[in-house]
Amino acid sequence: MTRDEAFQQFLLRMGDNTLILGHRVSEWCGHAPVLEEDIALANTALDLIGQTQMWLGLAGEMGGGKTADDLAFLRDVWDFRNVLLVEVANGDFGRTLMRQFLFDAWHSIMLGRLLTSSDDRVAAIAAKASKEVAYHLERSAETVVGLGDGTEESHTRMQAALDYLWPYVGEMFVSDDIDAQIAAAGIAPNPADLRDEYDALVKRVLAKATLTLPESRFAHKGGRDGRMHTEHLGHLLSQMQWLQRAYPGASW
Amino acid sequence: MYAQMVESEASNDDPEKLAEFQARIDADIKIEPKDWMPQGYRKTLIRQIGQHAHSEIVGQLPEGNWITRAPTLQRKAILLAKVQDEAGHGLYLYCAAETLGVSRDEITEMLLDGRMKYSSIFNYPTLNWADIGAVGWLVDGAAIMNQVPLQRTSYGPYSRAMIRICKEESFHQRQGYDAIRKMAEGTPEQRKMAQDAMNRFWYPSLMMFGPSDKDSVHSAQSMAWKIKINTNDELRQKFVDQTVPQAEYLGLTIPDPDLTWNEERGHYDFSEPDWSEFFDVIKGNGPCNVDRLAARNKAWDDGKWVRDGLLAHARKKQAGNLAAE
């Protein structure tokens, strides 16, 4: 793989994560438990879609003049490079917020490192996105603590959410040849190197939330290399891409 | 107009106080939460502000219906931002209602069990992507007609909420017009979507202003209190006059064969909507009434454990802080 190809894959991994998670979060619109959460979820989704436009915009430039929309709306499942964590169904509000926290924790650490990327364009996107994500993390962590250490029911639900999602966490830290090439070029850190910082952060928050971290380190994989997504992604794309697919060539 | 057919309450208050109150209103002095006000004024305002707030909340549903199918990232972002603004409007308005002595939970329960209404318009479905443009252009356009004058309404907190809301609403309306313009200038299929949206949203938009003032027994009192500034018919006429040239520019046909410019009046003549349909919708028989209310009830019921959990945590924290002192 050439360096440009590896760089493009890296950009797709960043942009597909924000695209798919932004889509999932937006599914909550009008259905949240309380008005403040409706506002916060829409705001989070909006930030993530904005970040998608930047990451996929750059990926498109690298990939022969495609637009971010071409990449979002005209690829099939096997071309998506997001981690499986962001594509699983929302579940209840507890699972949605737990997923957000587990992702935000990784996202904020990753973007922090990208601030000093050797590629100016990457550093510029990270500069904008990291401010937004700092807020996402603050909010999702607070909510995880509040619900974990709330009532017996909310505690049980948050523990169930954590147990369900934990096997999807490991994929964020798996490094492959693409990561090695990108890290060697100083564009991004090697994902495996972020794990200690991540574990420390997550443990701190989960302890406050009185939740128990599952012991297993088993990790479902297959999203960020596109080898095997979950069954959920196809349904998500069939909804998200429908207009573009049904009316090809139209301008919206 | 998100508040329709708000009944104004009669007041059995001390005539001297009432006269003093009316004099303040006539002098354009704002009424603030701690000021004396007639019971009828308070109750009518709670009903009107509450109905407006509920409309913002229920209004998230027809628009949210297209967020996951928005055709471009830009359109998705614009729609998300709009729906977020609307939830924010709901929040300001619930706060304004709270200053009148009714909590957000109480007023929410009244929406959920059907004691309070929201605008009839949100009981119509959004069926194709052009509907999202039509909602911004026509529905927000109609809402603005009413909300702009309400910036001068007599109740301070309501007036200030309206000032903030109007800024965002006019932005939404421009975005809606831009979205439908893109469709009207697009492929034959897109034009068909735009015309279809126009056909379905025209009369329901006219209904947003409420029935003719001739039939509206409550208008006079509300107008004297300056919680209603213009008559329903005035606003409806203004909306039609503004919208017809915009539709012509888009090349869309307004589904009213009798629509004509009346040189003498200096206004368009137009057909009244089918008011029996309006009353059906108000009674709960619109195309989406049952589903909209069911969706809001489900969100509220499913979210109970979240609200309870966060409240329990906040109490524990507070108790911990007190113990530490």
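Residue numbers start from 1 in every chain, and the chains themselves are labelled A, B, ... in the order their sequence lines are given, proteins ahead of strands.
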- Query: Between A:Asp149, A:Leu46, A:Leu147, which has the largest tally of heavy atom pairs under 4.5 Å with chain B?
  - Reply: A:Asp149

- Note on the structure: In terms of heavy-atom pairs under 4.5 Å with chain B, the winner among A:Leu97, A:Leu35, A:Val145 is A:Leu35

- Message: Hydrogens and angles aside, do B:Tyr118 and B:Asn123 bring a side-chain donor and acceptor to less than 3.5 Å of each other?
- Response: yes

- Message: Can you see whether A:Thr151 engages B:Asp308 through a side-chain donor-acceptor pair at a distance of less than 3.5 angstrom?
- Response: no

Please classify the contact between [X] and chain A as side chain, backbone, both or neither, with a heavy-atom cut-off of under 4.5 Å.
{"X": "B:Ala314", "answer": "neither"}
{"X": "B:Thr72", "answer": "both"}
{"X": "B:Arg69", "answer": "both"}
{"X": "B:Leu61", "answer": "side chain"}
{"X": "B:Ile57", "answer": "side chain"}
{"X": "B:Glu86", "answer": "neither"}
{"X": "B:Arg296", "answer": "side chain"}
{"X": "B:Val83", "answer": "side chain"}

Classify the angle between the aromatic ring planes of [X] and [Y] as parallel (below 30°), tilted (30 to 60°) or perpendicular (above 60°).
{"X": "A:Phe103", "Y": "A:His107", "answer": "tilted"}
{"X": "B:Trp66", "Y": "A:Trp242", "answer": "tilted"}
{"X": "A:Trp252", "Y": "A:Tyr247", "answer": "perpendicular"}

- Query: Does the separation of the ring centres of B:Trp305 and A:Phe93 fall below 6.0 angstrom?
  - Reply: no

- Task: Please check if atom CZ in B:Arg315 has more than 12 non-hydrogen atoms from other residues, nucleotides or ligands closer than 6.0 Å.
- Result: no

